[in-house]
There are 2 protein chains.
Amino acid sequence: MLKFSKKADYALLALQYMAVVQSGVDADPRVVNTKEIAEEHHIPLELLAKVLQTLARHQLIESHHNGPKGGYVLAHAPGDITIAQVLEAIEGPLGLTDCSHEKGDHSQCEQMSRCNIRTPLLKIQDSIFQLLNGMSIEDILVEETPLIIVESLKPQGVIS
Amino acid sequence: MLKFSKKADYALLALQYMAVVQSGVDADPRVVNTKEIAEEHHIPLELLAKVLQTLARHQLIESHHNGPKGGYVLAHAPGDITIAQVLEAIEGPLGLTDCSHEKGDHSQCEQMSRCNIRTPLLKIQDSIFQLLNGMSIEDILVEETPLIIVESLKPQGVIS
DNA sequence: TCAATCTCCGACTAAAATACTCTTGACTAA
DNA sequence: TTAGTCAAGAGTATTTTAGTCGGAGATTGA
Ligand code: SF4
Ligand code: SF4
C-alpha cells in the first residue's frame with residue numbers, strides 16, 4: 001500500500017544513472033539511450049522506454065532524437081530534480097487518501113462529511129510530501145558504494 | 001501509489017471512533033460493535049468486520065463476543081496505538097520498495113545487486129516510518145490536530 | 001429451551017491498478 | 001538506403017484491492 005511502483009523505481013534508477021554519467025569528471029554531456037540503461041539494470045526495455053518518455057514529457061529530462069546517437073540527458077542539475085517531482089511525473093499527483101485533492105464536494109469519498117480523521121491525515125501527507133520534496137537526485141547519487149562502474153560501457157559508435 | 005488502502009482508512013476511522021466513545025467524559029468502557037461503526041460511517045459492514053477482526057488478531061483491539069451485547073474495545077490507551085502499528089496490522093509490514101525487508105538474497109528485486117538507489121530509498125522509508133510511528137490514535141482524536149514535526153534527514157528549511 | 005444477535009473465519013468474486021508487450025511511425029546519421 | 005533511435009497508443013497479463021457470501025461458535029435475554 002505505501003509502496004513505490006516499479007515504474008517509479010525504474011525512473012529513479014534511470015535518473016540516478018544519467019546523473020552519474022553526466023556528472024563524471026569530464027562533465028561530458030553524454031547522451032544515454034534507453035537500451036543502455038535497460039541492459040545495465042535488467043529492466044524490461046519497452047517499459048523503461050515508456051517511463052523515460054513520461055519523464056521527458058514532464059521536462060525532467062531532454063530527449064535528443066538524433067538517430068543512432070540519440071538518447072536522453074537530464075534537463076536540470078541533479079540537485080534541482082526532487083524525488084517528489086519524479087514521482088508526480090510518473091504517477092499522478094500523489095495523495096494519501098481519496099480525499100486528498102478535493103474537487104469541491106465529496107465526490108471521492110462517501111464518508112467525507114462525517115470524517116474526523118481527514119485533517120490529521122492530510123497533515124501526515126504534507127509531511128511526507130515535504131520529505132520527498134526535500135530530497136533530490138543529487139542526494140541519491142553514489143553514496144558509499146558505487147556499485148555500477150560507469151566506464152565499463154561498450155562504446156557504441158566511436159568516441160571521437 | 002503512495003496511498004492508504006481503503007481498509008487502512010476504515011481501520012483508522014473505526015479506531016478513532018472507538019477512542020472517542022471510550023474516552024468520553026463518562027469513561028465508560030462501552031463496547032461498540034461492527035454494525036454501529038459501519039452505519040455511522042457508511043462503510044460496507046462485512047468489509048469493516050474483516051478489518052476489525054484483523055485489528056483484534058493483532059492485539060490492537062479486544063473482541064468481546066458476548067452475544068447481542070458483544071463488540072470491540074480498544075486494547076490500549078489511544079496514545080499507545082501508533083498509526084504505523086495500525087497500518088502494519090492491516091497490510092503487511094510496510095516497505096517502500098520490493099527490497100525493503102530482505103530475505104537474504106535478492107529474491108525480490110532482480111537488479112538489487114547493481115542498485116545504487118537502494119540505500120537512499122531505505123532512508124526515505126525510515127523517515128516515513130518514523131513519522132507514522134510518532135503519531136497515535138490520540139493525535140487523531142479531535143479536530144484540533146497537533147502539529148506534525150517532520151524530522152528529515154538533513155536540516156533543511158522549515159515546514160510551518 | 002430457543003431464537004436473536006453478535007464475533008469469527010475462510011473462501012469467493014469483481015473491479016481496478018500495475019506491469020509489461022506489440023505495433024506503427026517519424027526522424028537522423030552514417 | 002539502412003539501421004538505430006525516440007514517440008505514442010493500443011493491447012494483454014498479472015497482481016492487488018475492494019467487497020461478498022455462507023457457515024460455525026458463543027452468549028444473552030425472553
Ligand atoms: S474516510 Fe476521511 S480521510 Fe479517508 S478518504 Fe474519506 S474523507 Fe478522506
Ligand atoms: S531497484 Fe533497487 S531500490 Fe528498487 S527494489 Fe530493486 S534493489 Fe530495491
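Quick caveat, the model's predicted, so the values are computed rather than measured. So you know, we letter chains A, B, ... as the sequences are listed, proteins then strands, and number each from 1.
- Distance NE2 (A:H64) to P (C:dA29): 12 Å, rounded to an integer number of Å.
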Legend entry - Nucleotide-resolved protein contact map, nucleotides 13-28 of chain D, B/S/- at heavy-atom distance under 4.0 Å: ----SSBB------BS
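- In this structure, A:E39 atom CD and D:dG4 atom C1' are separated by 13 Å, rounded to whole Å.
- Here the side chains of B:V20 and A:N116 are not in contact, with every heavy-atom distance at 4.5 Å or above.
- What separates NZ of A:K35 from P of D:dG4 is a distance of 7 Å, to the nearest Å.
- The ring of B:H64 has its center no closer than 6.0 angstrom to the ring center of B:Y72.
- For the 3.5 Å distance criterion, the side chains of A:Q125 and A:T97 fail to qualify, holding no donor opposite an acceptor.
- Counting to the nearest Å, the P atom of D:dA10 and the CD atom of A:Q53 are 14 Å from each other.
- In this structure, B:L48 atom CG and C:dC6 atom C1' are separated by 14 Å, rounded to whole Å.
- Rounded to whole angstrom, the span from the CD1 atom of B:I37 across to the P atom of C:dC6 amounts to 13 Å.
- As a whole-Å value, the separation of B:L52 CG from C:dC6 C1' is 13 Å.
- No more than 12 heavy atoms of other residues, nucleotides or ligands sit less than 6.0 Å from atom NZ of A:K7.
- Taking only side-chain nitrogens and oxygens, A:T34 comes nearer than 4.0 Å to OP1 or OP2 of D:dC6.
- Linking ILVMFWY residues whenever their side-chain heavy atoms come closer than 4.5 Å, directly or via other members, leaves B:L122 and A:L12 in distinct clusters.
- Looking at the side chain of A:R57, the nearest of the listed nucleotides D:dA8, D:dA7, C:dC6 is D:dA8.
- Atom-to-atom, CD of A:E36 to P of D:dT5 comes out at 10 Å; the value is rounded to the nearest Å.
- In this structure, A:H42 contributes its side chain and B:R114 its backbone to no donor-acceptor pair below 3.5 Å.
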